[in-house]
Amino acid sequence: MKFSETVFPVRNYDLAATLSSGQAFRWREVNGAWEGVVGGHWVRLTQKNEGISAEAAERLGDWNWLRHYLQIDVDFEAVLRSFPQDDEHLQKAVESCSGLRLLRQEPWECLGSFILSSTKQIVQIQQIVALVCERFGEPLKVPENHPQVFSFPTAQRVANCAENELRECKMGFRAPNLLKTAKMIASGEVDLQSLYKMSLDEARSELVRLPGVGGKIADCVLLFAYGFPKAFPIDVWILKALRQLYFPKRKPTAKRLVHFSQTHFGPNAGYAQQYLFHYMRTKT
DNA sequence: GTCCAGGTCTTCC
DNA sequence: GGAAGACATGGA
């Protein structure tokens, strides 16, 4: 048999919301299942009563890489309990989508994707990332009669591209940023592995050295790839949420909002951020 | 046609 | 320090 599958018995996990909530950009819904790429493997995930089922196109004995990516073993109830219980806005956001989770992505792919995200809608980011993978990624094993799927190209591969090749992937003015960043990663000028053992502030200051990476994109990578639970990306949606819900009268400065995000939401502020983001985008 | 999108960087006051 | 403008592209 050249096909493997497993089931992660997990409760309170909303696969669709999690995979389509703008953390990762390579998941596609196909006939009720979700197809994507994790750790160089093509994967198909399906929400079942007993949990999440996973299929791969290769023979695999170990699923820990996917278990880690999906954060199956996180104490999710503890995360929800850590939220400020008297915050009715946040509680409402949680109720509206209580199985929304955070993924744990590979840093370079997350970083590269979010460099491409600035002032783009999520659907367009997905299109750009898909083009980048098709043109510069490596072909992966897929099921028979399944369309070809490619890996997200390494920093080395992107660093070897010409800027106009990248622009052909519709990324516009983001092309030089992705290219320069890829070169800094490939040359070792910035070592993404080293960020795992840094503090949140140290890791952020390292990321913002990269062209096209400011505070918001750095926080996305710190939250979605490195798992810093207090990283709190403030984008246009979160800005709107914080202003409307928490500061309806005053017009707080950006600095004030950052301080609020770090003090009000507790040790898992990043999760709270994802709930508010999803809530603002999906409510009528 | 106009507005805006999971921003960042530069310029100018 | 904070407020504008530029930057490509395409969906709403």
Side-chain angles (χ1 to χ4, degrees), chain A residues 17-27 93 97 100-105 107 109-132 134-135 152 161-184 190 204-226 228 230-245 250-259 261 265 269-284:
Chain A
T18 300
L19 299 182
S20 66
S21 63
Q23 315 178 46
F25 303 99
R26 298 208 60 198
W27 293 97
C97 189
L100 178 61
R101 307 288 193 115
L102 288 179
L103 302 169
R104 187 66 61 85
Q105 302 175 56
E109 175 170 342
C110 187
L111 171 63
S113 298
F114 275 99
I115 286 175
L116 301 176
S117 76
S118 68
T119 57
K120 277 290 179 193
Q121 298 182 143
I122 288 175
V123 60
Q124 293 176 300
I125 303 166
Q126 292 169 337
Q127 290 168 358
I128 297 169
V129 171
L131 281 173
V132 169
E134 278 170 33
R135 302 217 180 167
F152 189 88
C161 288
E163 185 181 317
N164 68 309
E165 289 183 292
L166 295 176
R167 281 184 186 269
E168 284 167 12
C169 298
K170 319 273 191 189
M171 65 182 74
F173 63 83
R174 302 158 197 81
N177 291 334
L178 182 66
L179 181 57
K180 287 177 200 157
T181 290
K183 285 180 173 169
M184 288 174 72
V190 169
R204 184 188 290 110
S205 56
E206 195 65 9
L207 285 175
V208 297
R209 292 175 52 204
L210 299 163
V213 181
K216 187 270 172 184
I217 289 177
D219 280 341
C220 284
V221 177
L222 293 168
L223 182 62
F224 302 141
Y226 291 97
F228 284 97
K230 289 207 73 167
F232 194 98
I234 299 180
D235 75 316
V236 289
W237 290 96
I238 294 297
L239 195 58
K240 195 197 290 185
L242 294 180
R243 283 182 175 160
Q244 283 182 3
L245 303 178
R250 294 162 286 175
K251 189 175 182 299
T253 62
K255 194 173 178 181
R256 177 79 187 88
L257 289 177
V258 169
H259 179 260
S261 73
F265 293 108
Y271 271 91
Q273 174 276 156
Q274 197 64 9
Y275 276 100
L276 290 174
F277 178 74
H278 188 269
Y279 179 61
M280 292 301 286
R281 284 186 6 104
T282 54
K283 73 173 185 178
T284 53

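Remember, it's a predicted structure, so these values are computed and weren't measured experimentally. Proteins come first, then strands; the chains are lettered A, B, ... in the order of their sequence lines, and each starts at number 1.
Using a 4.0 Å heavy-atom distance criterion, A/Arg174 is classed as a base contact. Nucleic acid contact for A/Lys120: base, since at least one base atom lies under 4.0 Å from a heavy atom of the residue. When heavy atoms are screened at a 4.0 angstrom cut-off, A/Ser21 is found touching base atoms of the nucleic acid. Across all strands, A/Phe224 comes closer than 4.0 Å to base atoms (heavy-atom distances). A/Gly22 comes within contact range of at least one nucleobase, with a heavy-atom separation under 4.0 Å. Residue A/Ile238 is classed as a base contact, given a heavy-atom separation below 4.0 Å to a base.
Ring geometry for A/Phe232 against A/Phe265 counts as parallel: the plane angle stays under 30°, on a 0 to 90° scale with 60° as the upper cut.
Take the nearest nucleotide of DNA chain B for A/Pro211 and for A/Arg281: the residue whose nucleotide is more 5' is A/Arg281. With the nearest nucleotide of DNA chain C identified for both A/Thr119 and A/Val123, A/Thr119 has the one nearer the 5' end.
Between A/Trp237 atom CH2 and B/dA5 atom P the separation is 7 Å, expressed in whole Å. The CG-P distance, from A/Leu178 to B/dT8, rounds to 15 Å in whole Å. Residue A/Leu222 contributes atom CG, which lies 20 Å from atom P of B/dG6 at whole-angstrom precision. With rounding to whole Å, A/Leu207 atom CG is found 11 Å from B/dT8 atom P. We find that NZ of A/Lys240 is positioned 12 Å from P of B/dG7, with the value rounded to whole Å. A/Gln121 places its CD atom 7 Å from the C1' atom of B/dC4, with the value rounded to the nearest Å. Here B/dT10 presents its C1' atom at 13 Å from CG of A/Asn177, a figure rounded to the nearest Å. Atom-to-atom, CG of A/Leu179 to P of B/dT8 comes out at 19 Å; the value is rounded to the nearest Å.
Side-chain atoms of A/Ser261 come within 3.5 Å of backbone atoms of A/Val258 as a donor-acceptor pair (strictly under, hydrogens ignored).
Comparing the P positions of B/dG6 and C/dA3 gives an interatomic distance of 23 Å, to the nearest angstrom. Between C/dA8 and B/dT11, the two P atoms lie 15 Å apart (nearest whole Å). Comparing B/dG1 with C/dT9, their C1' atoms are spaced 16 Å from each other, to the whole Å. For the C1' atoms, the distance from C/dC7 to B/dA5 is 14 Å, rounded to whole Å.
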Check your understanding: Stepwise, does the side chain to side chain contact (heavy atoms under 4.5 Å, CB included) test hold for A/Glu165 with A/Arg135?
Key -> CA-CA 9 Å; A/Glu165 289 183 292; A/Arg135 302 217 180 167; over 6 Å; no

Exercise for review: Begin from the C-alpha positions of A/Leu210 and A/Ile115 and carry the test side chain to side chain contact (heavy atoms under 4.5 Å, CB included) through to its verdict.
Suggested key: CA-CA 10 Å; A/Leu210 299 163; A/Ile115 286 175; 5.6 Å; no

Practice item. Report the C-alpha distance between A/Arg174 and A/Ser118 in whole Å, list the side-chain angles of each, state the deciding distance to 0.1 Å, and finish with yes or no for side chain to side chain contact (heavy atoms under 4.5 Å, CB included). Key: CA-CA 8 Å; A/Arg174 302 158 197 81; A/Ser118 68; 3.5 Å; yes

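A nucleotide of DNA chain C counts as in contact with chain A when one of its atoms lies under 4.0 Å from a heavy atom; the first and last such, 5' to 3', are C/dC7 to C/dG11.
Side-chain N/O atoms of A/Gln124 and base N/O atoms of B/dG6 include no donor-acceptor pair closer than 3.5 Å.
Here the closest heavy-atom approach between residue A/Lys216 and residue A/Ile234 is recorded as CG-O, 3.5 Å. Looking at every heavy atom in both residues, A/Pro252 comes nearest to A/Leu257 through CG-CD2, 3.6 Å.
Two rings, from A/Phe25 and A/Phe114, have their centers less than 6.0 Å apart.
Here A/Phe277 packs flat against the base of B/dG6; its ring centre is closer than 5.5 angstrom to the base's six-membered ring, tilted by less than 30 degrees.
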